[in-house]
Amino acid sequence: MTQVNERASGADDSEPLLDVRDLSVSFASEAGVVSAVRSVSYRLRRGEVLGIVGESGSGKSVSSLAVMGLLPPHAKVSGSVRFNGEELLGRSDRELSAIRGSKISMVFQDPLSALTPVYTIGDQLAEAILVHQDVGKDAARRRVIELLTLVGIPNPEQRATAFPHEFSGGMRQRVMIAMVMANNPDVIIADEPTTALDVTIQAQILDVLQTARRATGASLILITHDLGVIAGVADRVAVMYAGKLVELGAVDDVFYRPRMPYTLGLLGSLPRLDDDERRPLTPIEGQPPSLVALPPGCPFVPRCPLRIAKCSEVEPTLDALPRSGAGHSAACHRSGEVEERGLTSSDVFGVTPTPTAPGASQPRAQRATMLEVRDLVKEYPLTKGALFRRRVGTVQAVSGVSFDIRAGETLALVGESGCGKTTTIMEILNLVQPTAGTIVVLGRDTARMSPAQRFAIRRDLQVVFQDPLASLDPRLPIGDILAEPLATHGASAEACTRRARELLELVGLRPEHANRYPAQFSGGQRQRVGIARALALEPKLLVLDEPVSALDVSIRAGVINLLERLKVELSLSYLFVAHDLSVVRHLADRVAVMYLGKIVELGDVGEVFRRPAHPYTQALLSAIPRPDPQIERRRRRIVLGGDPPSPADPPSGCRFRTRCPKYAQELDDEQRRRCVAELPPLEARTGSDDHVDACHYAAVVPVL
Amino acid sequence: MTAFLLRRLAYLTVLVGVATVVAYFLAATQLNPRSRYEGRNPPPPPAAVDAILDELNLNDKTPVVERFAKWAGGVLRGDLGRTIDSGSVNTEINRRIWVSLRLMLLGSILGTLLGVAAGAYGAIRQYRLSDHLITVSSFVVLAMPTVVLAVLVKNAGIGLNDLLGFTGDWKLLYTTGEITPGMDALSLGGLSNRLAHLVLPTFVLMSGSIAFYSRYQRSAMLDVLGSDFLRTAQAKGLTRPQALVKHALRTALIPMATFFAYQFALLFVGATFTERIFGWHGMGELFVESITKSDVNTVAGVTLLVAVLVLVAGFLSDLVYAALDPRVRV
Amino acid sequence: MAERASSQLLPEQAGAAGGLDATEAVSRTRLVARRFVRRRPAVAGLVSLALLFAVAYLGPFVIPWQYDQLDTNAFLSPPSAVHWFGTTQTGFDVFALTMRGLQKSLIVGLLGAVMSTALAAIVGAFSGYLGGTLNTVLLTIIDLLLVLPSFLIIAILSPLFRDHTWLVFVFLLAAFQWMVTARIVRGLTLSLKEREFVTAARFMGVPTWQIIARHILPNMASFLIIDATINVSSLILAEVGLSFFGFGVQPPDVSLGTLIGDNAGAALSYPWEFYFPSGFLVALILAINLVGDGLRDALDPNAVFQGRR
């Protein structure tokens with residue numbers, strides 16, 4: 001049925017701009033037919049923001065690529081996608097190219113690989129314009145500068161002649177948004193636009209996206225796994241699981257009154273920044289199903305506590321809920337029941353009580369010191385040029401960092417990329433003398449360790465890495481991976497096998513799987529293997545580098561709970577690095593916030609989060625989107641401008657002053673001179689001895 | 001930066017130096033120039049042989065180090081010494097590098113262009129018939145050693161001549177040498193004569209190039225075809241062919257260009273098999289002859305030249321890479 | 001972010017998100033073998049290679065002639081029932097000669113490739129992992145060997161193995177073959193060194209040589225295998241080149257190179273002398289290249305699965 005195509009009439013406001021019906025996409029693969037998208041239907045109205053939420057394998061990206069017609073030629077697509085009444089599926093490449101970029105535009109996830117490396121930014125932007133508009137090169141140039149200014153790129157005339165690799169991640173993504181705005185499209189699709197970015201940059205880019213919407217009047221489809229981002233931006237939310245839409249509704253409905261167990265579990269498993277107590281997380285057991293040869297029935301069955309016999313036989317359709325507001329539907333046989341009884345995630349999934357450490361009551365000062373770092377400095381030579389490699393400067397990765405960790409305590413180092421947190425833990429793990437400063441591990445100074453002592457300390461100091469796929473040797477079965485530390489330190493083969501089984505049970509895996517390879521496990525399971533390996537030698541101090549950031553959201557809760565349990569059971573101390581503050585809130589006792597190689601705030605985690613004193617901490621906390629629409633829409637945000645300075649050329653005095661909102665807006669010239677000239681020392685300025693910060697004019701601003 | 005450049009230059013000079021020294025010592029100790037003079041019939045008196053060998057700095061009775069010092073002294077003045085036939089190594093090499101260049105230039109350029117085009121086309125039409133044909137034929141050609149291919153082509157040329165009735169002096173396709181002796185090289189007749197001499201060897205040289213470039217270009221293109229920026233180009237509104245040519249090809253050409261730059265410098269080194277089969281007197285022939293004739297000075301001189309050319313080739317290729325890929329700028 | 005659906009959606013990845021299902025542990029070797037067998041050209045190559053091996057080593061037992069045996073009744077005779085491939089000017093049986101040459105090529109290729117790749121792997125891995133002075137020294141040696149014209153050097157040294165076993169020649173060929181691979185191995189080592197499972201082993205206290213042997217080299221096994229197969233054909237061709245001009249295998253022994261070299265001029269008048277040896281050489285190289293290509297596709301499948309195979 002064709003409708004009137006022109007969008008001139010104002011009465012079209014209620015007609016859907018984009019009408020997707022029964023969209024299905026499948027691929028042939030070595031293992032069989034992969035049904036990536038299964039019968040997805042949704043509508044996008046003019047001016048609306050639709051958020052599509054899902055984890056890896058949910059099909060969210062593939063469905064949008066299908067709308068754009070950008071899937072590889074061997075993908076089988078069926079169903080209907082109508083844009084302004086016209087069918088898009090099955091159209092030729094030439095016809096679709098006329099629509100792509102001018103009526104429907106797309107922003108992708110990784111801006112570095114999304115831009116052609118050999119052409120300048122200006123040329124690529126101009127191309128986007130010239131392909132659709134018949135204007136001269138000069139007119140295109142002018143529009144390019146206009147767009148770059150709109151998205152907030154400083155010095156647009158100059159920067160237009162630069163190449164993609166000369167920009168930072170945030171700047172590149174702004175360029176991508178400029179490209180998308182160039183022809184005033186009707187629909188903008190943003191596929192994980194901020195996932196690869198730091199959290200303060202993410203806040204900037206979300207603002208830029210809003211600017212783009214206002215300037216073009218376009219509707220937005222925002223695809224992400226981050227529920228906080230959705231809560232702040234979307235009008236309607238679609239939740240995808242295993243290629244299907246499982247819940248669809250207004251944002252308030254989906255967040256406050258979820259009716260599908262997956263949504264319930266997802267929302268319940270999120271660690272929250274504003275949790276006062278350590279609210280126990282409700283993990284969803286298991287992992288997303290393989291999309292090859294899905295069994296009949298609902299794909300969530302293996303993980304759903306509410307499953308009944310019918311669920312394994314008949315796949316539920318997305319039906320409107322009887323009692324909720326118009327337009328709220330869920331794909332669950334028992335959603336009516338959920339609605340009636342007002343079930344919450346803890347009702348459905350149960351609650352694992354948070355264990356308390358036995359020594360937690362003992363005051364900090366009386367506990368043994370596991371790790372002490374004093375004035376740690378680490379610098380690298382900066383080389384440039386592939387043709388002629390030469391040294392052009394020094395990267396001051398870590399410039400004087402001090403902290404300590406007591407027995408049974410968890411310290412988190414937080415900060416964004418380039419702050420030096422990873423370098424700090426690498427220095428500690430290397431057990432060598434740093435460029436300057438001292439590191440004392442379990443009572444021994446690393447500068448004075450003999451190789452034998454170093455080897456012995458390694459038993460007590462172990463590490464869990466971020467990427468479970470990369471931290472396990474893909475060529476070894478996990479039994480061998482677990483045995484390696486034991487064998488290296490002299491255990492017999494028999495002892496290794498026995499211990500490997502013990503370890504697998506300890507982390508919640510099946511011991512019979514010891515002869516399988518890492519590739520056969522899911523991400524969450526692999527991370528458990530990594531944790532098991534770290535525990536093999538019964539260490540006392542465990543260093544974790546972003547232990548859950550590479551995992552799917554619904555899996556994180558399980559691993560976080562595991563880490564907490566192990567900490568208590570085995571009397572461990574943790575030093576972990578993270579950029580996700582909500583995880584930190586949940587796991588850590590104390591937190592140190594780092595910026596450009598220095599600690600800017602340090603203290604008890606509840607104290608620092610509730611009463612942050614340093615402007616950077618305040619901005620960081622403010623930048624994190626909360627998965628709570630009412631809060632997210634109302635709260636005041638502190639958005640930092642610009643990019644972090646280069647660690648090779650840090651600003652004088654206080655390193656944060658170039659981006660500091662306090663410096664820019666609240667201080668007078670006299671005070672600013674002090675910020676430029678004098679490095680603020682780390683001192684207690686807020687009344688509590690334990691809570692120190694590095695700002696001359698620190699003032700507590702409760703952000704949460 | 002200049003300090004860096006100078007250091008690099010010094011390193012490269014040392015490399016060339018060591019290579020040349022090694023080659024000289026090996027040649028001087030292993031080859032036997034004396035046998036060339038003694039093997040004549042009737043054998044000349046030993047004193048006369050000694051005298052000639054001394055003059056040419058090839059006397060094995062003189063200590064190696066002394067001979068080397070004399071030779072090295074000459075090299076530093078620009079004189080690579082005397083050949084075993086009492087000629088000048090400089091003159092020999094000078095003449096022959098241009099012969100080799102003339103032999104190889106056309107084949108190299110044509111081969112690269114056609115190979116790149118074939119590879120790109122094959123990648124775009126992956127798994128279709130055209131791709132299969134191109135892949136299969138490049139496979140077969142790559143499996144043929146140059147010498148076999150050269151002989152085949154030469155015989156095919158002779159056969160073709162006979163078939164078309166060119167049995168006299170004037171042929172359509174020549175199979176020996178660079179030009180018919182006596183022809184004026186620069187006249188129109190001379191040029192066309194040169195071309196007629198070039199056709200067959202160029203074909204041989206081209207085939208290897210086409211096969212090589214098409215395979216590597218194909219794989220470079222395939223890598224790029226899956227990249228994100230190609231998808232962005234299409235998302236902007238370029239049709240697939242437009243996006244392929246403007247974005248994919250341009251990026252995939254970078255490795256090929258660096259290969260070509262490397263090869264270009266080595267054109268002067270010649271092709272041993274092709275020159276032997278088709279009777280061109282270029283550097284390739286000199287390579288082999290200098291050893292069979294036990295011509296120590298020529299061996300050393302050739303090694304020096306080749307070492308320098310290899311390093312120039314590497315440098316040229318790095319330069320082209322930096323010029324084409326903005327990520328690698330100095 | 002390993003778990004995120006990558007922008008390049010590979011169907012294999014989409015399917016693998018399911019984690020441990022009922023599938024048994026498929027060892028990697030079996031997986032590679034399965035992929036290899038699916039491609040007909042690769043299998044054809046492997047079969048041809050096996051046949052060539054068989055013919056080269058068993059062939060001489062089937063005919064009554066040795067390669068160095070003269071038949072004074074038949075000079076320059078074309079192929080016949082008595083002499084399958086004809087005879088040469090002096091009366092040698094061309095079939096026997098070709099088979100002997102083929103044996104040589106097979107040994108040169110396989111032995112030389114193993115030596116060359118092994119040397120490249122060790123030098124490259126230690127150089128890349130340890131860095132420092134060792135790295136500088138090894139890189140300088142590599143540069144030097146790359147600059148020396150191998151053809152000249154081996155040719156000059158050829159009298160040396162005139163009196164000894166010709167295996168010295170194979171050794172020399174391999175000695176000039178390993179450099180480019182070593183550089184690539186070094187590059188691969190540098191990137192593997194930063195991978196987290198290597199750092200994990202280091203932080204466990206595993207000694208360096210064990211890390212290289214257990215973690216680094218096995219993880220570039222695909223590259224090493226493919227490189228070895230390329231080396232096989234390069235070495236065979238290098239031997240042919242040298243023997244062609246008389247610098248390689250010395251008479252009275254023969255190789256395909258000497259046969260081609262001796263008979264290239266006679267190709268028009270007495271084609272059997274030339275075309276049989278060259279034909280077998282081409283067949284050998286082709287078979288090796290097919291196997292190499294098949295291995296490359298089986299070990300690192302980048303091609304999008306079309307569903308047709």
Side-chain angles (χ1 to χ4, degrees), chain A residues 27-32 34 36 55-58 60-62 72 74 108-110 113-114 191-192 195-196 225 287-292 429 454-455 458 462-463 465-475 477 484-485 488-489 513 515-517 519-523 525 533 549-552, chain C residues 1-29 31 34-35 38 191-192 194-207 210-211 213-222 298 301 303-309:
Chain A
F27 302 93
S29 83
E30 273 187 23
V34 175
E55 301 176 289
S56 56
S58 59
K60 53 193 196 303
S61 297
V62 177
H74 64 283
F108 298 100
Q109 174 176 347
D110 183 357
S113 59
D191 187 358
E192 304 258 22
T195 308
H225 65 280
Q287 55 275 336
S290 156
L291 295 171
V292 179
L429 286 167
R454 212 165 271 144
F455 190 66
R458 295 228 175 270
Q462 278 296 313
V463 59
F465 288 102
Q466 169 180 358
D467 186 351
L469 190 56
S471 64
L472 303 177
D473 188 337
R475 309 247 158 184
E484 190 171 18
T488 312
H489 286 260
H513 292 160
N515 60 345
R516 308 236 175 150
Y517 290 85
Q520 297 168 269
F521 292 86
S522 75
Q525 290 169 324
R533 174 177 63 185
S549 59
L551 302 176
D552 270 329
Chain C
M1 303 284 179
E3 289 274 78
R4 309 272 173 266
S6 71
S7 47
Q8 160 84 59
L9 181 73
L10 281 176
E12 293 95 71
Q13 286 175 349
L20 268 182
D21 293 342
T23 50
E24 22 68 78
V26 180
S27 89
R28 196 178 152 80
T29 342
L31 207 66
R34 218 193 291 166
R35 280 202 212 115
R38 264 192 215 145
S191 60
L192 276 173
E194 303 310 316
R195 290 272 288 277
E196 282 151 10
F197 62 85
V198 173
T199 330
R202 215 170 75 219
F203 290 148
M204 270 184 246
V206 181
Q210 246 180 50
I211 293 184
R214 192 188 294 164
H215 292 287
I216 301 218
L217 287 180
N219 273 295
M220 53 170 92
S222 335
V304 173
F305 188 78
Q306 296 280 305
R308 269 190 262 130
R309 305 211 168 179

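Reminder, nothing fancy here: chain letters follow the sequence lines and each chain counts from 1. Note that these values count all heavy atoms, side chains included, but never hydrogens, waters or copies made by symmetry.
Contacts between A/L472 and chain C at a heavy-atom distance below 4.5 Å involve the backbone alone (N, CA, C, O). Interface remark: A/Q462 contributes side-chain atoms only to the contact with chain C (heavy atom separation under 4.5 Å). Heavy atoms of A/T488 lying under 4.5 Å from chain C belong exclusively to its side chain. Proximity to chain C (any heavy atom under 4.5 Å) is shown, for A/R454, by neither the backbone nor the side chain.
The CG atom of A/D473 lies 9.5 Å from the CZ atom of C/R214; values are rounded to the nearest 0.5 Å. Atom CZ in A/R475 sits 11.0 Å away from atom CG in C/L217 (nearest 0.5 Å). For the atom pair CG of A/D467 and CZ of C/F197, the computed distance is 11.5 Å after rounding to the nearest 0.5 Å.
The shortest heavy-atom contact between C/G205 and A/F455 is O-CE1, 3.3 Å. A pairwise comparison of heavy atoms in C/M204 and A/H489 identifies O-NE2, 2.8 Å as the closest pair. Taking every heavy atom of both residues into account, A/Q466 and C/E196 meet most closely at N-OE1, 4.3 Å.
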